[in-house]
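Below is one structure, written out as structure tokens; the observations come after it.
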2 protein chains.
Amino acid sequence: MPRGSASAREPLSRGRVLRAAIALADAEGIDAVSMRRLAEGLGVVPMALYKHVADKDDLLDGMVDTLIGDMPALQAPRPTQWRGAVRDTILGARAVVAAHPWARRAIETRTVRTPAVLGHMERLTQLFLGAGFSPDLTHHVMHLLGNRIWGFSPELFNDPGGAPSPTKRRTSGTPDPQDYPGILLIAADAQARRPGAVGCDEDFEFDFALGVILDGVARLHRSKWASDAARDGG
Amino acid sequence: MPRGSASAREPLSRGRVLRAAIALADAEGIDAVSMRRLAEGLGVVPMALYKHVADKDDLLDGMVDTLIGDMPALQAPRPTQWRGAVRDTILGARAVVAAHPWARRAIETRTVRTPAVLGHMERLTQLFLGAGFSPDLTHHVMHLLGNRIWGFSPELFNDPGGAPSPTKRRTSGTPDPQDYPGILLIAADAQARRPGAVGCDEDFEFDFALGVILDGVARLHRSKWASDAARDGG
DNA sequence: TGACCGGGTGTACATCGTATGCCTACGCTC
DNA sequence: GAGCGTAGGCATACGATGTACACCCGGTCA
């Protein structure tokens, strides 16, 4: 009865819920995604969502999963091209994550491994194995890449999220820049190299770091690190 | 009146609040740290905490800050020893973080840079600058290290936190291991190398990754990467 | 003496996730 | 068609959380 018009509202589904949640997070940030706000946007009562989603954790997992499901998959590259293929795969992931500012934090906080997440990890793993990397080295390389496989690295100097309101943070004294001459020096240097820019060039930093890592990996691979059976105590 | 004994309770202070919060997090996990639980443990009403802490974010910031303040600072090393000094500094941080399981997640989610955080970053920065790294290269190296400066890297394969209760996660189907042969292969290989072990050898993976990164950095430094003025378009 | 003020108290509110039970419409079998 | 299980949306309610706001008490200082 309270339902203004009993029109043929298309029924909910897990996919529709997840897509609505992603849209809401895109529009208003991840903190705006509460079961109540989400249900409201779908013209439905909050508890209705629980027919399609186990709980809020499952919702977040689903959001991350559908997002990562959108990441492009490359055609099988030639084994000699593994370096470029890895870079392309990771930069493709980076593009997807960059389009959804909430995704970085969401991926970091998720704990379970959903199919799309595993699929992305599997593709990268196959690139290394296909290039002749040993399973052992491949394993270590995946750890070495860490969250960089998702196309992001922690923001060391920038502040993610909104600007810290100036009225807050009164209890802990604001640190004095003069106490950190080294940081000040590299900040000034960066500023001089990119006049007018705010913050660091995250895209450059990411590609730089990825390059250093893949160079190191390539060197290990060439040195037949993989074929040495006994490398540590175990 | 409700205060059982009006004994001379030692007054609260920011330090006492933060130490109590850390102890609570150590004992029962970070989720147990609510303003109410914390106040209860201190024999005080919840709102009393707000006289020493701006809000819950400030509390978390303070916890991280005092924790990082405990990290050991090395004596100034000789410039030729920068690699070992960096490694020791980071492994020292790792030891502190490892002693407080909640710290990893807490550090990741914090956004503001508190004095102790900046101090740790400053010390590392100085190690590179002192070894003759250019400010530019030092800057990139700090980004390259990322969260690894805190002594942890994302857990790719393990599940942090409590075991996922088997009754949950019913909505999204559990993935079939057979769909991920590459991951399965490296997991089986790791299992064969360390029979009876559960999960990955995080300590080894961390040191391995740190070694690859520092090797790459050393090579860049030796190749006088820093002295090339024009390296990209900008 | 009286004003101030640092610090602890009490009450109250908005918001959140979600347990539980009900109600309705559809599709199945007999 | 009669009976009925089931999927999906609804209504209510509970406990927990962060924190705004007003108060009050004991000291210090003019």
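Each chain gets a letter, A, B and so on, in the order the sequences are listed, and its residues count up from 1. Model, not experiment: these values are computed from the prediction.
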Checklist line | Nearest-0.5 Å distance, CG of residue B:Leu18 to NE2 of residue B:His52 | finding: 10.5 Å

Margin query: Can you tell me how far apart CD1 (A:Ile90) and CG (A:Leu127) are? Round to the nearest 0.5 Å.
Written below: 9.0 Å

Item checked: Under 4.0 angstrom between A:His52 side-chain N/O and D:dA7 OP1 or OP2 -> no

Margin query: What's the closest nucleotide to the side chain of B:Met47 if the choices are C:dG17, D:dC10, C:dT9?
Written below: C:dT9

Spacing between [X] atom [atom1] and [N] atom [atom2], to the nearest angstrom:
X       : N      : atom1 : atom2 : result
A:Arg36 : C:dG17 : CZ    : P     : 7 Å
B:Leu12 : C:dT9  : CG    : C1'   : 13 Å
B:Asp55 : D:dT17 : CG    : C1'   : 14 Å
A:Asp58 : C:dG17 : CG    : P     : 14 Å
A:Leu42 : D:dG8  : CG    : P     : 15 Å
A:Leu38 : C:dT18 : CG    : P     : 13 Å
A:Tyr50 : C:dC16 : OH    : P     : 11 Å
B:Met35 : D:dG18 : CE    : P     : 7 Å

Notebook entry, point to check: Would you say the base of D:dG9 and the side-chain of A:Lys51 have a donor-acceptor pair closer than 3.5 Å?
Noted result: yes

Next item on the list: Kindly assign one of parallel, tilted or perpendicular to the pair A:Phe208 and B:His140, based on the angle between their ring planes and the thresholds 30° and 60°.
Entry: tilted

Next item on the list: Could you check whether the rings of A:His139 and A:His143 sit parallel, tilted or perpendicular, using 30° and 60° as the cut-offs?
Entry: tilted

